[in-house]
Protein chains: 2
Amino acid sequence: MRMTPQRKLIIDILKSTKSHPDALWIYQNAIKKMPRMGLGTVYRTLDQLERDGEIKRIDFKGIAHYDANVNVHPHLLCSKCGKIVDISDSYDLDIKNFDLKGFKVESINLDIIGICPECQSRKGES
Amino acid sequence: MRMTPQRKLIIDILKSTKSHPDALWIYQNAIKKMPRMGLGTVYRTLDQLERDGEIKRIDFKGIAHYDANVNVHPHLLCSKCGKIVDISDSYDLDIKNFDLKGFKVESINLDIIGICPECQSRKGES
DNA sequence: CTAGGTGCAAAGGCTTTGCTATGTG
DNA sequence: CACATAGCAAAGCCTTTGCACCTAG
């Protein structure tokens, strides 16, 4: 895979944030630097990066989010607003205790789903 | 929420399988018993059941899968074919060691993503 | 009667894909 | 010149939603 300016920009954007953005957010930030970039390019590039193991994909509420931190590390996910927050930068899960049933492991997601403080306090709003 | 025949059937179908099916699979099985049931009803019912904490939703590769086992238990997910397999029926993750940042926890997903034995052996196919 | 649930179909939203153009070696 | 990639827009696919009808209490 060739390292194009588009690809470099997308990686840079992803590494510069801890917000676990989706493709649209990445696209909107990318076009600030490269106004002609297409959304399809963003999707294609994110796919390739994920297949290469350079980034991690987090599926939540039907939307794909991406994370430049490929270490195993737990996330907090808000079931109301969809926000994703890191708990720590890494977590040592001892995978050797599991029966992996012949799977060749690529990555591990430890996701704690709940309601974030902000959504708890605006619970009663219409 | 009223316990309608549709709702009962969907719960029964989900409890009778370990395949972590998606809405379409549940629908296709449901219409064997109730041919006039609509796909919208399946989606609505699954949503309600999940909000009530009676079932668990697993987002993977852009598709929502459902699991009648609401215990914390790890899954193996195949990144090629999308298959979801249980590792065990329960797993005791000590959540107290985490900084939950004020989140009110609803559920926990421990997903190990990899390539299943079947997809490994058909690696080279076109 | 009246609230909530269902069936049906249309609409919605995220993602993928086909095609042409472009850039690099 | 060959080939991977980008830009653009259309298509695809899963999911949600509006509306009229129905059923239990």
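Convention: sequence-line order gives letters A, B, ...; per-chain numbering from 1.
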*Report yes if a side-chain nitrogen or oxygen of A/Thr4 is closer than 4.0 Å to either non-bridging phosphate oxygen (OP1 or OP2) of D/dA6; otherwise report no.*
yes
*Rounded to the nearest angstrom, tell me the gap between atom CG in B/Asp52 and atom P in C/dG4.*
15 Å
*Under 4.0 Å between any heavy atoms, over every strand shown, what does A/Arg2 touch: base, sugar-phosphate, or nothing? Just pick one.*
base
_Rounded distance (Å) that lies between atom C1' of C/dT24 and atom CD of A/Gln6_ = 13 Å
*Go through the structure and list residues passing salt bridge (Lys or Arg N to Asp or Glu O under 4.0 Å) with B/Asp12, not counting sequence neighbours.*
B/Lys8
*May I ask you to check whether over 12 heavy atoms, not counting those of B/Lys15, lie within 6.0 Å of atom NZ?*
no
*B/Met3 CE - C/dG4 C1' separation (whole Å)*: 14 Å
Any protein N or O atoms within reach of nucleotides 15-17 of chain D? Criterion: under 3.5 Å, listing atom names and distances.
from   : atom 1 : to      : atom 2 : distance (Å)
D/dT15 : OP1    : B/Ala64 : N      : 2.9
D/dT15 : OP2    : B/Tyr43 : OH     : 2.6
D/dT15 : O5'    : B/Tyr43 : OH     : 3.4

*Are B/Leu9 and B/Gln6 close enough, and set up right, to give a side chain to side chain contact (heavy atoms under 4.5 Å, CB included), and what steps lead you there?*
CA-CA 5 Å; B/Leu9 176 56; B/Gln6 290 85 346; 5.8 Å; no
*Do A/His20 side-chain atoms and A/His65 backbone N/O form a donor-acceptor pair below 3.5 Å?*
no
*asked:* Between P on C/dT6 and OH on B/Tyr27, what's the gap in Å once rounded to a whole number?
replied: 14 Å
_I'd like to know if the side chain of B/Asp67 reaches the main chain of B/Asn69, judged simply by a donor and an acceptor atom lying under 3.5 Å from each other, with no hydrogens or angles considered._
yes
*Check the surroundings of atom NZ in A/Lys33: do more than 12 heavy atoms from other residues, nucleotides or ligands lie under 6.0 Å from it?*
no
*May I have the distance from B/Arg7 (atom CZ) to C/dG7 (atom P), rounded to whole angstrom?*
15 Å
*Between A/Pro35 and A/Gln48, which is nearer to the 5' end of DNA chain D once each is assigned its nearest nucleotide?*
A/Gln48
*Which nucleotide, D/dC8, D/dA6, C/dT6, lies nearest any side-chain atom of A/Arg36?*
D/dC8
*May I have the distance from A/Trp25 (atom CH2) to C/dT15 (atom P), rounded to whole angstrom?*
15 Å
*Could you give the CE-to-C1' distance, from A/Met34 to D/dC8, as a whole number of Å?*
14 Å
